[in-house]
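What follows is a short report on a single structure.
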Amino acid sequence: MSMEEDLPGTGDQKKFLYVNRRAPYGTIYALESLEVVLIGAAFDQDVSLAFFDDGVYQIVKDQDTSGIGMKNFSPTYRALGDYEVTRLYVEKESLEERGLTPDDLMEITYEDEDDDWAEKPSVRLVSRAELSEVMAEQDVILSF
Amino acid sequence: MSMEEDLPGTGDQKKFLYVNRRAPYGTIYALESLEVVLIGAAFDQDVSLAFFDDGVYQIVKDQDTSGIGMKNFSPTYRALGDYEVTRLYVEKESLEERGLTPDDLMEITYEDEDDDWAEKPSVRLVSRAELSEVMAEQDVILSF
Amino acid sequence: MKFGILVNEGPYTHQASDSAYQFTKAALEKGHEIYRVFFYNDGVNNGTRLTVPPQDERNIQVNWSELGEKYKLDLVVCVAAAQRRGILDESEAKRHGKNADNIAPGFRISGLGQLIETGIECDRVVAFGD
Amino acid sequence: MKFGILVNEGPYTHQASDSAYQFTKAALEKGHEIYRVFFYNDGVNNGTRLTVPPQDERNIQVNWSELGEKYKLDLVVCVAAAQRRGILDESEAKRHGKNADNIAPGFRISGLGQLIETGIECDRVVAFGD
Amino acid sequence: MLHTVNKSPFEKSTFESCLNHARPGDAVLLIEDGVYGAVKGTAVSGQVAKFNGDLKLYALGPDLAARGIKDASLMEGVSVVDYGGFVDLVAKHDVSQAWL
Amino acid sequence: MLHTVNKSPFEKSTFESCLNHARPGDAVLLIEDGVYGAVKGTAVSGQVAKFNGDLKLYALGPDLAARGIKDASLMEGVSVVDYGGFVDLVAKHDVSQAWL
């Protein structure tokens, strides 16, 4: 089977989705997933991130890890735009179950090169059903 | 503070409870907990085991690990009587939630030296409330 | 078909590495190609040659090394994850001033890019973890 | 009061070892005695000296070794759990025909009996895990 | 899409989240401790049954046997596969998502 | 007795099991990802509130701060302690049970 048959219509790119379902700090999965995303950004693929279940906790604002002796890696999410990672899907139902609103999340933005470098929000609030659609469109799903 | 103040009225013995809340094989905790119990048996303490939540799966009968390439360690529970570990508390509610009955469990027995070496069941079915009482009586609780 | 395998947990503690091994073996026996087995997170701990499991238990590292040898598998341990957890080959050990290394035969240490490449090159990626 | 500490997960992957370290430090600073820190399950992986964490991250092994040095702590790695996971001292390595060891300074390898003894001798046992 | 779930539904919310995000026609393969989710007459089986039919449920035979679960204990509609069958399921579906 | 819980109540059933097994007068200390269980207005907070009062709930401050949880977000009756306070709780109660 040749590669082309499996690829979507975007030339050589594959659609990569990084699924984030776990809270930060209690385990390393959030951090090491982010490290994959940063390295992966160099490969010119079509990249999205999904945050749902406890994964929404990863991008909550005002994280302060000074008391637990661990590095606060949350600022890195705000730098994703510089790596041309611009689509962060966040599930509404997961926020609601946790008593969170979009205002509790960090502001994560990117500069849209197709729109005169206008600053735009990277976070896209989606319903559970919409998130399912996003997952169904992917070529590779990496979940840590 | 001297040791004696903390000890129950059973001479030098402390009451040790090993809590088993996880299924076997998916993780190593059940096996490595059992290894602690076996070593601990040499120390002449007052030992009990509690099986609840997914821990009840550890003592389900007819385990056959030949297809997953792992060692079947379930026969070791049946040998606990030889190590004078004779009290295995199993929570009824945990069995029921999992669609299990006492008949689904291995027969685990011990020979009662105070009763002419009569063979008696080591498994004691207890309600959740009774199990809470058992936990409250302990000096050391080790949960893996 | 071309498969990529991702192993995210170490040996013995979680079944992940066992499951990945059984899957990889079955895929090879069905004639599929295994493009790469990538060890990430605690999965890097599968690549130490210093394990001494009880004699009546499987030896997970040896299983991987032997399967790798038989089918010429590319068993890649992520360098960043490996450094955090103390899995080093000779050159890594030297570079970081450590007086020992522990990488097992048939495993090699490389970058996370090899995981992305696996996603790009393979028809399917299958992950095993906690 | 006399405390025993049980650490059941390895460094970095779970917060357990960090929490145990912070607790132990706080207990010592309050004047309590730490009878022993026992490393079991994947916790044995805290005792390898081969880790090379990123420079802007804490070094969990060094934290334990330094705390142990300062307060003369008994840092015990379970031998059975350590063998499964490839943590060896010089004599263990020799005994099993391995050409390297990886135990970190201040840690010692011993049997599970040391955990039971901790339960017997201590006023309190506090466990940290997954 | 093929979803794999390896955690007990009594211990973790993974299986529930998978069921809530899978789409009609998707396949869900239960492996490792995930196979407990395939058993009938449990506290979660009613919940699972609601998705049965819309989704195709599979359970890994070697993991069932290891845990002493007999085929007669499985919910209706659950198909048992071995590691070879697992490979075939991966090959058959465009994408696999591991619910870790 | 002192119970410690280190897992998110949305991910694992540990906290629920702890609450169901603790006895009136016991203390429950939430640490690591367990601190999410101390937040009000969530899908589990109603369940937790039922035990509040019978049990004394604590949450570890450094773990709350790491996760961006403000004191104002906590359920009524939850006391925040630091690592020193954790040590004091262990010393105060005869036995500690870690719900791992």
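Reminder, nothing fancy here: chain letters follow the sequence lines and each chain counts from 1. What you see is a predicted model; the values in this text were computed from it and never measured.
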Roughly how far, to the nearest 0.5 Å, is the OG atom of B:Ser132 from the CE atom of F:Met1?
8.0 Å
Residue from B:Glu133, B:Glu130, B:Glu137 passing salt bridge (Lys or Arg N to Asp or Glu O under 4.0 Å) with F:Arg23
B:Glu133
Could you tell me the separation between the CG atom of F:Leu100 and the CZ atom of B:Arg22, rounded to the nearest 0.5 Å?
6.0 Å
Where on F:Asp26 is there a heavy atom nearer than 4.5 Å to chain B: the side chain, the backbone, both, or neither?
neither
Could you tell me which non-hydrogen atom of B:Asp139 sits nearest to which non-hydrogen atom of F:Val95, and how far apart they are?
O-CG2, 3.7 Å
What class does the angle between the rings of F:His21 and B:Phe52 fall in, given that below 30° is parallel, 30 to 60° is tilted and above 60° is perpendicular?
tilted
Using a cut-off of 6.0 Å, state whether more than 12 heavy atoms not belonging to B:Tyr83 lie near its atom OH.
no
Which value, rounded to the nearest 0.5 Å, describes the distance between B:Arg128 atom CZ and F:Ser17 atom OG?
6.5 Å
Taking side chain as C-beta onward, heavy atoms only, is F:Thr14 less than 4.5 Å from B:Arg21?
yes
Among B:Leu142, B:Leu17, B:Asp53, single out the residue with the greatest number of heavy-atom pairs under 4.5 Å to chain F.
B:Asp53
